J.: 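Okay, handing you the structure first.
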Amino acid sequence: MNAMPETVLLDGKAFAARIRARVAAHVAGLADRGLVPGLAVVLVGEDPASQVYIRNKGIQTRDAGMNSLEHKLPDTTSQAELLALIDRLNADPAVHGILVQLPLPGHMDADAVINAIDPAKDVDGFHILSAGRLATGQRAMVPCTPLGCLMLLRDRLGDLTGLNAVVIGRSNIVGKPMAHLLLAESCTVTIAHSRTRDIADICRRADIVVAAVGRPRLVKGDWIKPGATVIDVGINRVEQDGKALLVGDVDFANAIKAAGAITPVPGGVGPMTIACLLANTLTACCRAHGLPEPEGLTA
Ligand code: GUN
């Protein structure tokens, strides 16, 4: 009897490093024309997790040869002041991408703030026009985390046509755009979520499982069809044996026994998000200047 082939660990850390290197190479080519892509990041308040994200974004943006323009505002900032800053960034030709770090303080209307960003600079892909374009199959800025998941899937599987894909989670940031991206790849897509009935049976039919529901180890090993590709977007802090631990939405230790390929947490999808943010910023810069877009860095 043949042994089961080894499960492939999808190394997002290494893959993200390759993407950043490709972005950096393209950025170096733009520098020869005197063009430097600029990413403006806006943080309102002092959320510690957001500060860590922003620091990492800044480092990786500069490492790729792009300008990182950071705007840190106190949490007493009014929405009108934030909107005035976004107007200035929209009008600034040195700024090709604008990212407003979420969550925003409670007194702000996040939708109104995001929709004030020039869609051409919407490198997060959260603007209602970006979402609508993606949903209708038009060229769009694609949210970074689902774009990273798609890159991992294409790299592993090549053509995704006809595959059964289950996306667990229906957020605007990951679940819904992920489902649209997979539809555009001609997958048969099911969106499941915390209220879905028979979620185990739905998963068992899936060639691709993307878990983005924010529930630690929700997806059990026996939900995974043998050979399926499992993408775990979850990053959940749990306590185990008195120690703090990061775990995904998938019960990794058991899912790995059935999966053909699986992303670990950490080191899977996580590093892909900033890499895709850099890719989107480069794409936005090329589009703004009517230059050819880098290949393989967009949906
Ligand atoms: N907060 C956590 N992740 C993200 C992200 O990808 N973009 C923005 N704008 N805020 C976030």
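One-based numbering along the sequence shown. The model shown is predicted, which means the values in this text are computed figures rather than measured ones.
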J.: Pair Asp241, Lys243 - check side chain to side chain contact (heavy atoms under 4.5 Å, CB included), show working.
T.: CA-CA 5 Å; Asp241 307 327; Lys243 282 191 208 143; 5.5 Å; no

J.: Can a donor-acceptor pair be found, under 3.5 Å and without considering hydrogens, that links the side chain of Asp249 to the backbone of Arg215?
T.: yes

J.: Answer yes if the side chains of Asp222 and Asn254 hold a donor-acceptor pair under 3.5 Å, and no otherwise.
T.: no

J.: When you measure from the side chain of Ser78 to the backbone N and O of Glu81, does any donor-acceptor pair fall under 3.5 Å?
T.: yes

J.: Between atom CG of Asp92 and atom CD1 of Ile98, what is the distance when rounded to the nearest 0.5 Å?
T.: 8.5 Å

J.: Between CG of Asp122 and CG of Asn90, what distance do you get to the nearest 0.5 Å?
T.: 10.0 Å

J.: With a 4.5 Å cut-off on side-chain heavy atoms, are Ile208 and Leu157 touching?
T.: yes

J.: Are there over 12 heavy-atom neighbours, none belonging to Ile128, within less than 6.0 Å of that residue's CD1?
T.: no

J.: Which heavy atom of Thr298 sits nearest a heavy atom of Met151, and at what distance?
T.: N-CE, 4.5 Å

J.: Okay, side chain of Asp124, backbone of Phe126: is any donor-acceptor separation there less than 3.5 Å?
T.: no

J.: So, for Ala299 and Arg154, which heavy atoms are closest and what is the spacing to 0.1 Å?
T.: O-NH2, 3.4 Å

J.: Taking atom CD of Gln101 and atom NE2 of His71, what is their separation to the nearest 0.5 Å?
T.: 14.5 Å

J.: Measuring only between side-chain heavy atoms, which start at C-beta, is Leu89 closer than 4.5 Å to Lys121?
T.: no

J.: On a heavy-atom basis, which atom in Leu297 and which in Pro294 lie closest, and how many Å separate them?
T.: CD1-CB, 3.7 Å

J.: If you apply the rule side chain to side chain contact (heavy atoms under 4.5 Å, CB included), what do you find for Leu152 with Val269, and how did you get there?
T.: CA-CA 8 Å; Leu152 288 168; Val269 173; 4.3 Å; yes

J.: Do Cys144 and Asn280 have side-chain heavy atoms sitting under 4.5 Å apart?
T.: yes

J.: What I'd like to find out is whether the side chain of Val8 reaches to under 4.5 Å of the side chain of Arg156, using heavy atoms alone.
T.: yes

J.: When you compare the side chain of Leu9 with that of Phe252, does any pair of heavy atoms fall below 4.5 Å?
T.: yes

J.: Quick test of your reading of the model: are Arg55 and Glu70 salt-bridged, counting only N-O distances below 4.0 Å?
T.: no

J.: Please check this pair: side chain of Asp109 against backbone of Ala112, looking for a donor-acceptor N/O pair closer than 3.5 Å.
T.: yes

J.: Using the rule that Ile, Leu, Val, Met, Phe, Trp and Tyr join whenever any side-chain heavy atoms are under 4.5 Å apart, tell me whether Val23 and Leu150 fall into a single cluster.
T.: yes

J.: Locate the shortest heavy-atom distance separating Val174 from Ala212; write the atom from each residue and the value.
T.: CG1-CB, 3.6 Å

J.: Treating Ile, Leu, Val, Met, Phe, Trp and Tyr as nodes and any side-chain heavy-atom pair under 4.5 angstrom as an edge, say whether Leu134 and Leu153 lie in one connected cluster.
T.: yes

J.: Run the side chain to side chain contact (heavy atoms under 4.5 Å, CB included) test on Leu82 and Leu104 for me, step by step, so that the C-alpha distance in whole Å, both residues' side-chain angles and the decisive distance to 0.1 Å come before the verdict.
T.: CA-CA 11 Å; Leu82 178 57; Leu104 284 168; 4.1 Å; yes

J.: Could you tell me which residues satisfy salt bridge (Lys or Arg N to Asp or Glu O under 4.0 Å) with Arg88, sequence neighbours excluded, listed by chain and number?
T.: none

J.: In the single-linkage hydrophobic clustering (I, L, V, M, F, W, Y; side-chain heavy atoms under 4.5 Å), do Leu163 and Leu10 co-cluster?
T.: yes

J.: Once you round to the nearest 0.5 Å, how far does CE of Met108 lie from CG of Leu83?
T.: 8.0 Å

J.: State, to 0.1 Å, how close Val123 and Ala284 come at their nearest heavy-atom pair, and which atoms those are.
T.: CG1-CB, 4.2 Å

J.: Nearest 0.5 angstrom please: Asn172 CG to Asp111 CG, how far?
T.: 8.0 Å

J.: Does a side-chain heavy-atom distance below 4.5 Å link Asp159 with Glu185?
T.: no

J.: Any side-chain donor paired with an acceptor under 3.5 Å for Lys72 and Gln51?
T.: no

J.: Start with the C-alpha distance between Thr263 and Asp232, add both sets of side-chain angles, then the distance that settles side-chain hydrogen bond (donor to acceptor under 3.5 Å, both in side chains), and finish with yes or no.
T.: CA-CA 6 Å; Thr263 56; Asp232 191 351; 5.6 Å; no

J.: Do Leu73 and Ile86 sit in the same hydrophobic cluster, where Ile, Leu, Val, Met, Phe, Trp and Tyr count as joined when their side-chain heavy atoms come under 4.5 Å apart?
T.: yes

J.: Just by distance, do the side chain of Thr161 and the backbone of Ser186 share a donor-acceptor pair under 3.5 Å?
T.: no

J.: Which heavy atom in Met272 sits nearest to a heavy atom in Gly12, and how many Å separate them?
T.: SD-O, 3.7 Å

J.: Taking the side chain as C-beta and beyond, is there a heavy-atom pair between Met178 and Cys149 under 4.5 Å?
T.: yes

J.: Would you say His96's side chain and Gly38's backbone share a donor-acceptor pair under 3.5 angstrom?
T.: yes

J.: Using side chain to side chain contact (heavy atoms under 4.5 Å, CB included), reason through Leu291 and His289 one step at a time and then give a plain yes or no.
T.: CA-CA 5 Å; Leu291 296 169; His289 290 271; 3.9 Å; yes

J.: Quick one: do the Thr273 and Thr145 side chains pair a donor with an acceptor below 3.5 Å?
T.: yes

J.: Could you check whether Asp207 pairs with Lys225 (Lys NZ or Arg NE/NH1/NH2 to Asp/Glu carboxylate O, under 4.0 Å)?
T.: yes

J.: Under a 4.5 Å cut-off applied to non-hydrogen side-chain atoms, are Val167 and Thr190 in contact?
T.: no

J.: Any donor-acceptor pair under 3.5 Å linking the side chain of Asp251 with the backbone of Val219?
T.: no

J.: I'd like to know if the side chain of His127 and the backbone of Asn115 have a donor-acceptor N/O pair within less than 3.5 Å.
T.: yes

J.: Give, for atom CG of Asn67 and atom SG of Cys285, the distance between the pair rounded to the nearest 0.5 Å.
T.: 10.0 Å

J.: Is Glu295 paired with Arg22 through a side-chain N to carboxylate O contact shorter than 4.0 Å?
T.: no

J.: Report whether Ile114 and Leu39 are members of the same hydrophobic cluster (ILVMFWY, side-chain heavy atoms less than 4.5 Å apart, transitive linking).
T.: no

